[in-house]
Amino acid sequence: MARIGKYQAVKGMGDSFPEESGRWRALENWACSVAGRFGYGEIRTPLVEPTELFVRSIGEETDIVEKEMFTFPGSGNKSFSLRPEGTAGVVRACLEGNVFASNPLARYFYLGPMFRRERPQAGRRRQFHQFGAEALGSRHPALDAELIDLLLLFLEECGLTGWTLAVNSVGCPECRPAYRERLGRYLEEVEEKLCDNCRRRRETNPLRALDCKNPGCRKLAAAGPKPLDSLCPDCSSHLAAVRELLTGLDLPFSLDPLMVRGLDYYTSLVFEVTGPALGAQDAVAGGGRYDNLVGELGGPDLGAAGFSVGLERLLLGLAGKEIPPVPAPAGRLYLAAVGPESFRSQFNLLSRLRRRGFTALTDYGKRSLKAQMREANKLGVDRVVIRGPEELSAGTVKIKDMESGKETTVPENETITSLTRCISS
Ligand SMILES: [Zn+2]
Ligand SMILES: [Zn+2]
């Protein structure tokens, strides 16, 4: 159709009419439904933040901060930027609102536009949209596995098929300095073959050479030292624990030693999901741990992790497919575990229940059964599923109805059926 009128939308920023906005709304509904089942509540933060926030968190020498932000001056010497990603703003908001005072494990999801001055192409716009989730307050590997489980369930429920998941570890302040030095020495040897960006960042931020898009740099990075070879015991055992949990959840993944993500705040575990309709370099979603970011922005020293999904890219992957409607929410459950063995069984059950539409939570703090029951009470759940050493050896679980206080013991393999029955009756 020929354009009429005097004005056009800004380059890389488009409009959505009902044929398309209905699909957007469907994705947003799925995001709310799936995140809700994992106990993530919605957080809304401003589209504009102090530029310094992004510089400090994403990193001064990254593509995003160096050339992709929409930055403008405020009054005085202030500088503001349109948010290029969601994590920095969420951490800023959690600290400003001191959410940790009342909630040791804060879990939020967000939906909304982000802005980056990139070359517009299929699935990549200057105003693009993300669904993201952030969990702050724990270093437990189950948190990483939970975020990945949430992400994959969301993608599957929207109808995406043929995705692949890759994980890696980028090290921590304990092991990264030695790795940086090794990588720096290697990059010095091959300096004349590097692109201008990588040559410039070689001494100050050599890690960025690993996610440089220049084909020459990619080849060099593939032949050089990897973060995996320099991990400290903590990072190694964290990666091993997450891999074990993912295997337990039947989530297929591969290890990609070259994946580092383009943001400096990542530490330890990182992950990416690619879809079939997108190029191998264009992940549909990605995330990881950022255990130092909260402290770096002036908060307490606590573990945190998150992910984001590029919704334009997801829609590309869903082209020609109907996005199904979300189901009515099932009941609210709390899974209490006593001991590590029981935790693993409960963690797998947790994932299966969420896939059945239940809102289900558990404890990552290794707290006593009494403390977990208190937490369940506070959360106002319908039922608590208890599994301790006794139930574990008998192959049963105990289900407590929180309204009547009645407890019933059921065989392990009938847990889901009996919960479905009692909640819907
Ligand atoms: Zn480490
Ligand atoms: Zn390069």
Side-chain angles (χ1 to χ4, degrees), residues 1-38 40-49 68-70 81-87 89-90 93 108-134 150-163 273-279 282-287 306-329 357:
M1 229 187 315
R3 279 196 190 111
I4 56 172
K6 287 183 179 172
Y7 301 100
Q8 289 166 23
V10 173
K11 188 177 170 192
M13 304 188 185
D15 309 297
S16 291
F17 289 95
E19 312 82 70
E20 202 192 341
S21 53
R23 290 176 75 74
W24 280 102
R25 179 57 60 92
L27 292 188
E28 289 160 8
N29 289 343
W30 274 115
C32 296
S33 165
V34 176
R37 289 182 231 165
F38 283 71
Y40 289 66
E42 187 179 6
I43 185 167
R44 298 186 189 208
T45 64
L47 302 192
V48 176
E49 298 276 1
E68 293 171 358
M69 288 212 293
F70 288 93
S81 293
L82 294 181
R83 62 182 187 188
E85 60 95 58
T87 306
V90 170
Y108 300 108
F109 78 90
Y110 60 83
L111 278 162
M114 309 289 159
F115 303 86
R116 288 184 203 174
R117 204 188 300 270
E118 288 187 279
R119 199 161 49 82
Q121 48 183 290
R124 187 171 296 194
R125 318 214 64 173
R126 291 184 166 183
Q127 175 177 325
F128 59 103
H129 298 77
Q130 287 186 339
F131 158 46
E134 314 286 354
L150 195 176
L151 166 61
L152 294 175
L153 180 59
F154 166 73
L155 296 174
E156 280 171 7
E157 299 268 46
C158 289
L160 190 75
T161 49
W163 51 262
V273 177
T274 40
L278 311 153
D282 270 335
V284 64
F307 71 75
S308 64
V309 186
L311 296 181
E312 275 83 359
R313 294 187 191 179
L314 175 56
L315 281 177
L316 263 186
L318 297 173
K321 283 189 194 167
E322 190 87 29
I323 302 171
V326 301

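One distance of note links CD of Glu157 with CD1 of Ile323; it measures 12.5 Å at 0.5 Å rounding.
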- Give the intermediate values and the outcome of ring-ring contact (aromatic ring centres under 6.0 Å, His included) for residues Phe131 and Phe307. CA-CA 8 Å; Phe131 158 46; Phe307 71 75; 5.7 Å; yes
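Contact check on Arg125 versus Glu312 returns no salt bridge, with no Lys/Arg side-chain nitrogen under 4.0 Å from an Asp/Glu carboxylate oxygen.
Around atom CD of Glu322, no more than 12 heavy atoms belonging to other residues, nucleotides or ligands sit under 6.0 Å away. The neighbour count for Lys321 NZ, taken as heavy atoms of other residues, nucleotides or ligands under 6.0 Å away, is above 12.
Listed for the Arg126 side chain is no donor-acceptor partner under 3.5 Å among the backbone atoms of Met13. Put simply, the side chain of Gln127 never gets that close to the backbone of Gly12: no donor and acceptor are under 3.5 Å apart. Between the side chain of Trp30 and the main chain of Pro324, a donor-acceptor pair closer than 3.5 Å is present.
Annotation: side chain of Pro113 is in contact with side chain of His129 (closest heavy-atom distance under 4.5 Å). A heavy-atom distance below 4.5 Å is not found between the side chains of Val309 and Leu27. In this structure, the side chains of Ser81 and Phe115 stay at 4.5 Å or more apart for every pair of heavy atoms. Residues Leu82 and Val48 are in side-chain contact: their nearest non-hydrogen atoms beyond the backbone lie under 4.5 Å apart. Residues Arg313 and Phe128 have side chains not in contact (no heavy-atom distance under 4.5 Å, counting atoms from C-beta outward). A heavy-atom distance below 4.5 Å is found between the side chains of Glu85 and Arg116. Looking only at side-chain heavy atoms (C-beta outward), Tyr110 and Thr45 stay at 4.5 Å or farther from each other. Side-chain contact between Arg23 and Leu315 is present, with heavy atoms from C-beta onward closer than 4.5 Å.
In terms of heavy atoms, Gly275 sits closest to Val284 at N-CG1, 4.2 Å.
Side-chain polar atoms of Ser21 and Arg25 form no donor-acceptor pair below 3.5 angstrom.
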